[in-house]
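I have placed the structure first, in the form of structure tokens, so that the comments after it can refer back to it.
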Amino acid sequence: MAVSPMDCMGCSVCVGACKVGAIEMVPREQELAQQEVFDYMVKEVSEKKDMQDFTVKGSQFKEPLLEFSGSCAGCAETSYARLVTQLFGERAYISNATGCSSIWGGPASTSPYACNKEGRGPAWSNSLFEDNAEHGLGMMLGQKAIRGRLRGLIEEMYNDEAHVTPEFKAVAEAYFDTFEDGAANEQPTRDLIAALEKAGEQGCPIAPKILAEKQYLAKKSVWIFGGDGWAYDIGFGGVDHVLASGEDVNIFVFDTEVYSNTGGQASKASNIGQVAQFAAAGKNVAKKSLAEIAMSYGYVYVAQVAMGANPAQTLKAMTEAEAYHGPSIIIGYSPCEMHSIKGGMANCQHEMKKAVDCGYWNMFRYNPALKAEGQNPFTLDSKEPAGGYQEFLLNEARYSSLTRSFPDRAEKLFAESEEAAKARYEHLLRLKSLYEV
């Protein structure tokens with residue numbers, strides 16, 4: 001691993017996140033000599049595949065394919081998106097709802113999404129606020145249709161005894177065996193392309209037709225990105241439609257609990273007592289449980305995560321969702337500038353941990369694949385709340401400001417919010433028992 005001093009965005013999240021206090025912010029000029037080291041690493045040092053896996057440490061040896069975003073300093077959304085590109089970026093299709101994630105994800109003159117040395121990287125597209133889920137489903141269905149047609153041509157070629165060798169058949173069989181497994185399909189696809197090129201040179205008439213669309217041969221990882229204003233509110237009908245489709249597509253919701261990009265309006269993800277536009281006196285109704293709506297289908301993979309509280313759980317949710325052959329949705333707690341956290345967004349990851357520790361945010365996973373194996377599909381990854389709920393609320397101006405403008409109402413709403421959080425955790429415990437085999 002190497003770090004470029006020229007790439008530092010100045011957010012200082014790394015300082016706050018370092019568990020041993022080994023990092024400090026210094027003037028860039030002091031570290032410029034390290035740029036030569038970084039440049040050498042990029043140019044000369046090969047990737048260490050044997051050090052890469054889906055653990056917290058091993059995942060960080062994978063190259064990020066999201067760099068230099070235009071997000072606010074410390075934005076949690078980019079941490080989740082970057083991790084998706086590290087895990088699946090070489091074969092990712094991303095449909096991005098209009099909102100914060102499309103603004104930092106596709107500013108006018110640049111793109112933070114990058115390619116590796118082989119020229120592979122995420123294929124990103126932005127759709128409207130209200131139809132992004134359908135747009136992402138369409139991307140997946142288009143890919144599925146093209147791959148199905150190409151598979152038919154490969155099968156036709158496989159059965160053509162006049163032009164096909166036993167070696168090609170072995171390569172084709174490996175491709176067929178891994179057809180629906182994104183990670184496992186990568187190398188068989190490369191082998192297949194090489195075999196098709198050889199067959200084309202030897203006069204096979206079908207091989208050139210397949211090679212003309214070779215970029216579609218590999219199994220893609222389709223992700224639909226958007227914020228809570230999109231997923232809980234304006235685009236909810238589309239999200240529900242996509243989840244109900246049964247298709248192999250992944251949704252990631254950056255839950256900031258407010259319409260961040262449009263000025264901070266309350267959304268259905270905003271919590272009791274939260275101050276936002278259209279809720280100046282504090283929101284007085286509970287947050288919508290998008291996760292449970294999705295779980296009600298029974299065949300949708302569902303997870304709630306908070307990277308700063310448990311990065312291993314976040315990784316597990318992402319890898320399980322991507323591996324699941326069906327619809328999946330991950331809802332990531334995303335502290336935002338709009339929250340006005342004491343100490344600033346350098347404490348973003350710390351704030352996630354505080355939210356989980358006090359019971360404000362719960363982490364869990366619902367994996368239908370486990371149910372098919374006779375295991376409990378529901379895993380509650382949060383521990384019992386340790387207290388300090390209202391102290392957590394008062395650490396953020398979106399709540400503490402209510403104590404100054406409407407102190408009596410703040411006391412009432414904060415108490416209601418805490419009781420709702422306790423009831424929510426008890427409900428999750430009951431869910432866990434309900435699903436036990």
Side-chain angles (χ1 to χ4, degrees), residues 1-39 41-42 51 55-87 100-101 104-105 112 114 254-257 260 305-315 318 332-358 360-361 363 386 388 391-400:
M1 292 185 193
V3 178
S4 164
M6 298 300 293
D7 293 352
C8 176
M9 305 289 281
C11 67
S12 73
V13 170
C14 60
V15 177
C18 181
K19 296 184 182 298
V20 296
I23 307 174
E24 62 176 332
M25 298 298 288
V26 298
R28 177 184 293 170
E29 291 74 17
Q30 288 183 214
E31 299 297 321
L32 283 180
Q34 293 298 318
Q35 185 62 34
E36 292 183 16
V37 178
F38 179 81
D39 292 341
M41 294 280 279
V42 170
M51 299 174 75
T55 64
V56 174
K57 181 179 178 180
S59 67
Q60 297 313 292
F61 286 101
K62 294 174 178 284
E63 182 183 2
L65 297 177
L66 174 68
E67 304 174 316
F68 318 122
S69 75
S71 71
C72 301
C75 174
E77 296 184 5
T78 54
S79 299
Y80 291 121
R82 174 192 53 78
L83 188 54
V84 169
T85 71
Q86 284 180 287
L87 301 177
C100 275
S101 53
W104 59 251
F254 306 113
D255 193 343
T256 67
E257 300 190 325
S260 299
V305 303
M307 182 184 287
N310 191 334
Q313 189 258 0
T314 300
L315 271 164
M318 287 182 179
Y333 185 59
S334 303
C336 170
E337 260 197 351
M338 290 285 178
H339 295 184
S340 299
I341 299 165
K342 284 184 181 177
M345 286 298 286
N347 296 312
C348 172
Q349 299 291 319
H350 276 313
E351 199 70 3
M352 290 192 211
K353 188 174 189 309
K354 288 179 183 177
V356 172
D357 288 347
C358 75
Y360 181 88
W361 182 265
M363 300 184 303
E391 288 82 353
F392 169 80
L393 297 184
L394 293 173
N395 194 54
E396 300 183 0
R398 60 173 172 153
Y399 290 107
S400 64

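Not measured: the values here are computed from a predicted model. Here, residue 1 is the first one in the sequence, and each next residue gets the next number. The figures that follow rest on heavy atoms only: side chains count, while hydrogens, waters and symmetry mates do not.
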**Prompt:** Mind checking what makes side-chain contact (heavy atoms from CB on, under 4.5 Å) contact with A2, not counting sequence neighbours?
**Reply:** F38, M41
**Fill in**
Between the CG atom in L315 and the OG1 atom in T55, the distance rounded to the nearest 0.5 Å is 7.5 Å
**Request:** Would you name the heavy atoms of A306 and Y80 that are closest together and state the gap between them?
**Result:** CA-OH, 3.4 Å
**Message:** Does any part of the side chain of P335, heavy atoms only, come nearer than 4.5 Å to the side chain of I341, both counted from C-beta?
**Reply:** yes
**Request:** Go through the steps for L83 and Q60 under the test side-chain contact (heavy atoms from CB on, under 4.5 Å), then give the verdict.
**Result:** CA-CA 9 Å; L83 188 54; Q60 297 313 292; 3.9 Å; yes
**Item:** M307 to S79 - nearest heavy-atom pair and separation
**Value:** CE-O, 3.4 Å
**Request:** Mind listing the closest non-hydrogen atom pair of A76 and M352 along with its distance?
**Result:** CB-CE, 3.6 Å
**CD on Q313 to CE on M318, rounded to 0.5 Å** = 10.0 Å
**Message:** So L32 and M6, do their side chains get closer than 4.5 Å, heavy atoms only?
**Reply:** yes
**Request:** Would you check, one step at a time, whether the test side-chain contact (heavy atoms from CB on, under 4.5 Å) holds for N310 with V356?
**Result:** CA-CA 9 Å; N310 191 334; V356 172; over 6 Å; no
**Request:** May I ask you to test the E77-S71 pair for a side-chain heavy-atom distance under 4.5 Å?
**Result:** no
**Message:** Testing the basics here: between P112 and W104, what is the closest heavy-atom pair and its distance to 0.1 Å?
**Reply:** CG-O, 3.2 Å
**Asked** When rounded to the nearest 0.5 angstrom, what is the spacing between OG in S69 and CZ in R82?
**Response** 10.5 Å
**Donor-acceptor contact below 3.5 Å, side chain S4 vs main chain D7** = yes
**Complete:** Looking only at heavy atoms, the pair that brings M363 and A309 closest together is SD-CB, 4.1 Å
**Request:** Give the minimum heavy-atom separation between T85 and L65, together with the two atoms involved.
**Result:** OG1-N, 3.1 Å
**Request:** Classify the angle between the aromatic ring planes of F392 and Y360 as parallel (below 30°), tilted (30 to 60°) or perpendicular (above 60°).
**Result:** tilted
**Prompt:** Taking atom OG1 of T78 and atom CD of E67, what is their separation to the nearest 0.5 Å?
**Reply:** 12.5 Å
**Request:** Let me see the working for M345 and E337 under side-chain contact (heavy atoms from CB on, under 4.5 Å), right down to the final yes or no.
**Result:** CA-CA 7 Å; M345 286 298 286; E337 260 197 351; 3.9 Å; yes
**Message:** Quick one: does any side-chain atom of W361 pair with a main-chain N or O of K354 as donor and acceptor, under 3.5 Å?
**Reply:** no
**Asked** For the atom pair CD (Q34) and CG (D39), what is the distance rounded to the nearest 0.5 Å?
**Response** 11.0 Å
**Request:** Indicate whether the side chain of N395 and that of E391 have a donor and an acceptor atom separated by less than 3.5 Å.
**Result:** no
**Prompt:** How far does CD of E257 sit from SG of C336, to the nearest 0.5 angstrom?
**Reply:** 10.5 Å
